[in-house]
Amino acid sequence: MDKSPTASGFDLIAPIYDPLSRLVFGNALRKAQAHWLDQIPKNAAILVFGGGSGWLLARVLSGCAPRKVIYIDVAPAMIALSREKVNNDSRVEFRIGTETSITADDRVDAVLTPFILDLFTEDELKNRLLPILYKSLNDNGLWLCADFAQPKTEWQRAIMWCQYRFFRILSHISADRLPNWQLLVTNLVLAEPQQAASFFGGLVVSTYWRKSAD
Ligand SMILES: C[S@@+](CC[C@H](N)C(=O)[O-])C[C@H]1O[C@@H](n2cnc3c(N)ncnc32)[C@H](O)[C@@H]1O
C-alpha cells in the first residue's frame with residue numbers, strides 16, 4: 001500500500017518528534033496529555049487516535065489498567081516505536097491508518113485525541129473525523145483531548161506559525177491554522193467540557209467531555 005505524504009512525513013520525524021517537542025515545550029505537552037487520565041475507569045476499552053511514538057500509550061496501560069486499547073496512527077514508524085515501548089502488550093490492537101480504520105464495531109469507553117485535532121481543517125473535523133470518533137464512544141464515555149488553544153500573545157502566535165509551516169512542509173497536513181476544535185467537539189457532544197486545565201502560558205489545553213446517554 002502506498003504511503004500518504006502525511007504518513008511519510010511523520011515517519012521521517014518519528015525518531016526526533018519527542019526530543020523536538022520537549023525542546024520547544026518542555027514537559028507541557030506530556031503533562032497535558034496525562035492530566036485527565038485518572039478520570040478513565042479501570043478495565044475500560046480505549047481508543048487512542050494519532051498517538052505518536054508511544055509515550056502516552058505506556059502511561060495509559062500502567063495508569064488506567066484498560067482491558068483493551070485500539071491504537072491508531074497513520075505513520076508506520078510511530079506504530080513501530082509504540083509497539084517497542086510497550087513490549088507489544090497484548091491488550092493493544094495497533095492499527096496503521098487513519099479514521100477510516102475505525103469500524104462500526106469499534107465501541108469504546110474513552111477516546112483520546114492528543115495533539116491531533118490541530119492537524120485538520122474545521123471542515124474536515126466537523127464533517128469527517130469528529131463524527132467517526134464520537135460514534136465509536138459508548139454512552140457515558142469520555143473524550144479526552146489535549147491540544148493547542150488560540151494563541152494570545154506575540155510569542156505564542158510565532159510558535160504556532162512556525163509549527164504550521166513545519167508540519168505543512170514536512171507532513172503535508174491540511175490545516176494552515178488552528179481549528180476551533182473545542183467549539184466543534186462541544187457542538188457535537190452537545191455539552192460543555194467537564195473540566196479543563198491550561199499549560200505553557202495558556203497555549204496548551206487539556207480537557208474532556210462525557211457523552212450523554214440519550
Ligand atoms: C503532532 S503528532 C502528535 C503525536 C502524539 N499524540 C504526541 O502528542 O506526542 C500527530 C500524530 O498523529 C499522526 N497522524 C497524523 N494524521 C493522522 C491521521 N489522519 N490519522 C491517524 N494518525 C494521524 C501522526 O503520525 C503523528 O503520530
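Whatever order the structure lists them in is the order used to number ligands and atoms, beginning at 1. Computed over heavy atoms, backbone and side chain alike; hydrogens, waters and symmetry mates excluded. All figures in this text were calculated on a predicted structure; none of them were measured in a lab.
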- Indicate yes or no: at least one non-hydrogen side-chain atom of D18 is less than 4.5 angstrom from one of R30. yes
- Enumerate the atoms of ligand 1 whose separation from the nearest heavy atom of M78 is less than 4.0 angstrom. 27 (O)
- Message: Please work out, at 4.0 Å between heavy atoms, whether the side chain, the backbone, both, or neither of W55 comes within that distance of ligand 1.
- Response: neither
- Query: Any idea which part of F10 is under 4.0 Å from ligand 1, heavy-atom wise: side chain, backbone, both or neither?
  - Reply: side chain
- Closest heavy-atom approach to atom 26 (C) of ligand 1 among L119, D73, L57 is made by D73
- What atoms of ligand 1 come within less than 4.0 Å of a heavy atom belonging to A75? 25 (O)
- Item | Heavy-atom nearest neighbour in the protein, as seen from atom 11 (C) of ligand 1, with distance rounded to 0.1 Å | G50 O, 3.6 Å
- Give the C-alpha distance, both sets of side-chain angles, the deciding distance and a yes or no for side chain to side chain donor-acceptor pair (under 3.5 Å) between T207 and Q182. CA-CA 9 Å; T207 187; Q182 295 189 72; 5.3 Å; no
- Query: Which of parallel (below 30°), tilted (30 to 60°) and perpendicular (above 60°) describes W155 and F200?
  - Reply: perpendicular
- Does some side-chain heavy atom of L57 sit less than 4.5 Å from a side-chain heavy atom of L61? yes
- Item | Salt bridge present between D109 and R67 (N-O < 4.0 angstrom) | yes
- Query: Quick one: does R30 get within less than 4.0 Å of ligand 1, heavy atoms only?
  - Reply: no
- Where is the nearest protein heavy atom to atom 19 (N) of ligand 1: which residue, which atom, and how far? F120 CZ, 3.5 Å
- Message: One residue to check: I116. Relative to ligand 1, which of side chain, backbone, both or neither has a non-hydrogen atom less than 4.0 Å away?
- Response: side chain
- Query: Out of G54, G97, P114, who gets a non-hydrogen atom closest to atom 6 (N) of ligand 1?
  - Reply: P114
- Message: Below the 3.5 angstrom mark, is there an N/O of Q33, backbone or side chain, next to an N/O of ligand 1?
- Response: yes
- Item | Test item: Y71 and D89 side chains (from C-beta on) under 4.5 Å apart, heavy atoms | no
- Message: Please verify the inter-ring angle class for Y17 with F167; under 30° counts as parallel, over 60° as perpendicular, anything in between as tilted.
- Response: tilted
- How far is atom 5 (C) of ligand 1 from its nearest protein heavy atom, and which residue and atom is that? G51 O, 3.3 Å
- Ligand-residue contact atoms, ligand 1 with E99, heavy atoms, under 4.0 Å: 19 (N)
- Task: Report yes if V74 has an N/O atom closer than 3.5 Å to an N/O atom of ligand 1; otherwise report no.
- Result: yes
- Mind checking whether I159 and P151 have side chains closer than 4.5 Å, heavy atoms only? no
- Protein contact of atom 2 (S) of ligand 1 - nearest heavy atom, named by residue and atom, plus distance: Y17 OH, 3.6 Å
- Can L142 be reached from V48 by stepping across I, L, V, M, F, W or Y side chains whose heavy atoms are under 4.5 Å apart? yes
- Task: Classify the contact between F25 and ligand 1 as side chain, backbone, both or neither, using a heavy-atom distance cut-off of under 4.0 Å.
- Result: neither
- Item | N/O donor-acceptor pair under 3.5 Å between D118 side chain and L178 backbone | no
